[in-house]
Amino acid sequence: MRVVDSHTEGEPTRLVVEGGPDLGSGPLSERRRIFAERFDHVRRFSLNEPRGFEAIVGALLVEPVDPTCAAGLIFYNNAGTLGMCGHGTIGAIVTLAHMGRIGPGAHRVETPVGVVTATLEGRNTVTIDNVPAFVHARDVAVEVEGIGRVVGDVAWGGNWFFLTENAPCALDYAEIPRLTAAAGAVKTALARVGVTGVDGAEIDHVEFFQAGTNGADSRNFVLCPGAAYDRSPCGTGTSAKLACLAARGTLAPGAAWVQESIVGSRFTGVYSLDAEGRVRPRITGRAFVTAEATLLLDPADPFPYGLG
Ligand code: PYC
């Protein structure tokens, strides 16, 4: 399997450019299901230790159904598959340019949750026009073990998020273990009391927010499914945040929102309202290619698909 690694504002992406599984030619939502059901060993092979580590998000490069799209991407991580991935799309676009497959400008990209447009500016900067984002439930209160009452919003930004300002401590790098445990407890509490996204969808990402530093509007800590934290400010999480800000009337369409991550990296978000009044998030960030590699499987390897 040939892969190209990158990081987007600190968060790694592994783009599978050759040797991925044959998922057929159906809609990407269907190919995501086939990947999850029949090729979980490929997910584990390509991301788990010792070939990877818990924070890497994988992206399978597949033929799009829509010929106006430059690529199709199916995202996955250490726990399963993802609907969309903002940092992963930015990483994939910079990687495809590095490989000489695309140039600067706008490229339509098919994902399991819809088509996004990714615009490459120069070598490293990408702006994504994401799928519409929306708030599903506001001011949801849950009792969380070890924290107490936590109030937040449930929103969609390409994945499902619970967004809250009730963090148990400062959003400092040194507090990552405590924030990870607390966000995990929030997720458990939401599941216990039956708080979900639309149609019972699991809320698998939890975001804590505080005031930003060095001029950023806000700083976040994002826990992803699989219990790794996002080193970037999270593209789909920032999209969900924009939907919350729009719903509360605290950010006007077209106004910039600088979202800082727990490692101090940044995305700039802005939204517009489409003809149907839906929030259309636009997220800008940078990615850098870090490795080109061939992943090998030795038949004698006692851990052919990695650990876990
Ligand atoms: O950037 O959307 C994102 C993302 C989702 C999970 C990790 N990063």
Side-chain angles (χ1 to χ4, degrees), residues 7-13 47-48 52-58 75-88 133 136-137 140-193 195-197 201-210 212 218-244 259-267 283 285 308:
H7 79 84
T8 302
E9 306 295 352
E11 176 77 348
T13 304
L47 289 193
N48 280 4
F53 73 112
E54 77 277 7
I56 303 184
V57 169
F75 299 104
Y76 59 102
N77 73 355
N78 59 333
T81 59
L82 298 168
M84 219 316 260
C85 181
H87 95 266
H136 175 57
V140 176
V142 273
E143 280 303 317
V144 180
E145 203 183 323
I147 310 180
R149 187 178 144 89
V150 170
V151 181
D153 295 344
V154 176
W156 168 260
N159 294 297
W160 282 106
F161 290 84
F162 184 76
L163 306 92
T164 178
E165 297 188 352
N166 301 146
C169 56
L171 301 189
D172 289 342
Y173 191 78
E175 298 282 13
I176 285 172
R178 192 167 164 199
L179 292 163
T180 299
V186 171
K187 188 176 156 184
T188 302
L190 292 169
R192 192 187 61 238
V193 298
V195 175
T196 68
E202 183 194 9
I203 298 166
D204 54 4
H205 293 71
V206 173
E207 290 194 75
F208 291 130
F209 290 90
Q210 273 173 9
S218 165
R219 184 176 176 92
N220 69 6
F221 171 85
V222 184
L223 190 71
C224 301
Y229 71 92
D230 198 331
R231 280 72 173 157
S232 84
C234 194
T236 51
T238 302
S239 299
K241 177 70 177 174
L242 293 174
C244 294
Q259 184 64 60
E260 184 181 37
S261 75
I262 190 72
V263 307
S265 59
R266 290 166 176 220
F267 283 160
I283 307 292

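Numbering starts at 1 and runs along the sequence shown.
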Trainee: Please examine the side chains of R231 and S265, heavy atoms only from C-beta on, and report whether any two atoms are closer than 4.5 Å.
Mentor: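 Not touching, per the 4.5 Å side-chain cut-off.
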
Trainee: For the side chain to side chain contact (heavy atoms under 4.5 Å, CB included) test, which of D230, N220, L171 pairs with S261?
Mentor: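 Among D230, N220, L171, the one meeting side chain to side chain contact (heavy atoms under 4.5 Å, CB included) with S261 is N220.
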
Trainee: Is it true that, when you exclude F53 itself, more than 12 heavy atoms of the residues, nucleotides or ligands shown sit nearer than 6.0 Å to its CZ?
Mentor: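 Enclosed: over 12 neighbouring heavy atoms sit under 6.0 Å from CZ of F53.
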
Trainee: Is a side-chain donor or acceptor of R149 paired with a backbone partner of A141 at a separation under 3.5 angstrom?
Mentor: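 No; judged by distance alone, with no hydrogens or angles, the pair does not exist.
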
Trainee: In sequence, state the C-alpha distance, the side-chain angles, and the governing distance for V186 and N166, and then conclude on side-chain contact (heavy atoms from CB on, under 4.5 Å).
Mentor: CA-CA 10 Å; V186 171; N166 301 146; over 6 Å; no

Trainee: Kindly give the heavy-atom pair with the smallest separation between H136 and W160, and that separation in Å.
Mentor: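 Result for this residue pair: CB-CZ3, 3.7 Å.
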
Trainee: What distance separates I56 CD1 from T13 OG1, expressed to the nearest 0.5 Å?
Mentor: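 Nearest 0.5 Å value for the CD1-OG1 distance: 9.0 Å.
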
Trainee: Is a donor on one side and an acceptor on the other found under 3.5 Å between the side chain of S218 and the backbone of F209?
Mentor: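 Checked: no pair found.
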
Trainee: Using only atom types and a distance under 3.5 Å, with no angle test, would you say the side chain of T236 pairs donor to acceptor with the backbone of C85?
Mentor: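 No, the answer is negative, given that no donor and acceptor are paired below the 3.5 Å cut-off.
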
Trainee: Can you name the closest pair of heavy atoms from V142 and V193 and give their distance?
Mentor: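 Answer, listing the atom of V142 first, then V193: CG1-CG2, 3.5 Å.
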
Trainee: Partners of D204 by salt bridge (Lys or Arg N to Asp or Glu O under 4.0 Å), sequence neighbours excluded?
Mentor: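 D204 satisfies salt bridge (Lys or Arg N to Asp or Glu O under 4.0 Å) with no other residue.
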
Trainee: Looking at side-chain heavy atoms only, is the closest gap between H205 and L82 below 4.5 Å?
Mentor: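 Yes, close enough: below the 4.5 Å cut-off.
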
Trainee: Does the side chain of N78 pick up a donor-acceptor pair with the side chain of E54 at under 3.5 Å?
Mentor: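 Judged by distance alone, the side chains do not pair up.
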
Trainee: How close do S232 and T8 get, heavy atom to heavy atom, and via which atoms?
Mentor: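 Result for this residue pair: CB-O, 3.4 Å.
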
Trainee: What distance do N159 atom CG and T81 atom OG1 have between them, rounded to the nearest 0.5 Å?
Mentor: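 The CG atom of N159 sits 9.5 Å away from the OG1 atom of T81.
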
Trainee: Minimum heavy-atom separation for G83 and F75, please, with both atom names.
Mentor: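 Nearest heavy atoms, G83 then F75: O-CD1, 4.3 Å.
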
Trainee: Looking at every heavy atom in both E145 and A185, which two are closest together, and how far apart are they?
Mentor: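 Result for this residue pair: O-CB, 4.0 Å.
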
Trainee: Is there a side-chain contact between L179 and Y229 in this structure, where contact means two heavy atoms from C-beta onward sitting under 4.5 Å apart?
Mentor: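 Side-chain contact under 4.5 Å: no.
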
Trainee: So Q259 and R266, do their side chains get closer than 4.5 Å, heavy atoms only?
Mentor: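 Side chain of R266 against side chain of Q259, heavy atoms only: no contact under 4.5 Å found.
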
Trainee: Between H87 and F267, is a side-chain contact (heavy atoms from CB on, under 4.5 Å) present by the stated rule, with each step listed?
Mentor: CA-CA 9 Å; H87 95 266; F267 283 160; 4.2 Å; yes

Trainee: Restricting to non-hydrogen atoms, name the atom on F161 and the atom on A240 that form the minimum distance, rounded to 0.1 Å.
Mentor: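 That closest heavy-atom pairing would be CD1-CB, 3.9 Å.
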
Trainee: Between CD of E260 and CD of E9, what distance do you get to the nearest 0.5 Å?
Mentor: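 The CD atom of E9 is 11.0 Å from CD of E260, to the nearest 0.5 Å.
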
Trainee: Would you please test F221 and T180 for side-chain contact (heavy atoms from CB on, under 4.5 Å) and show each step?
Mentor: CA-CA 9 Å; F221 171 85; T180 299; 3.5 Å; yes

Trainee: Assess whether side-chain contact (heavy atoms from CB on, under 4.5 Å) is satisfied between F208 and I262, documenting all intermediate values.
Mentor: CA-CA 10 Å; F208 291 130; I262 190 72; over 6 Å; no

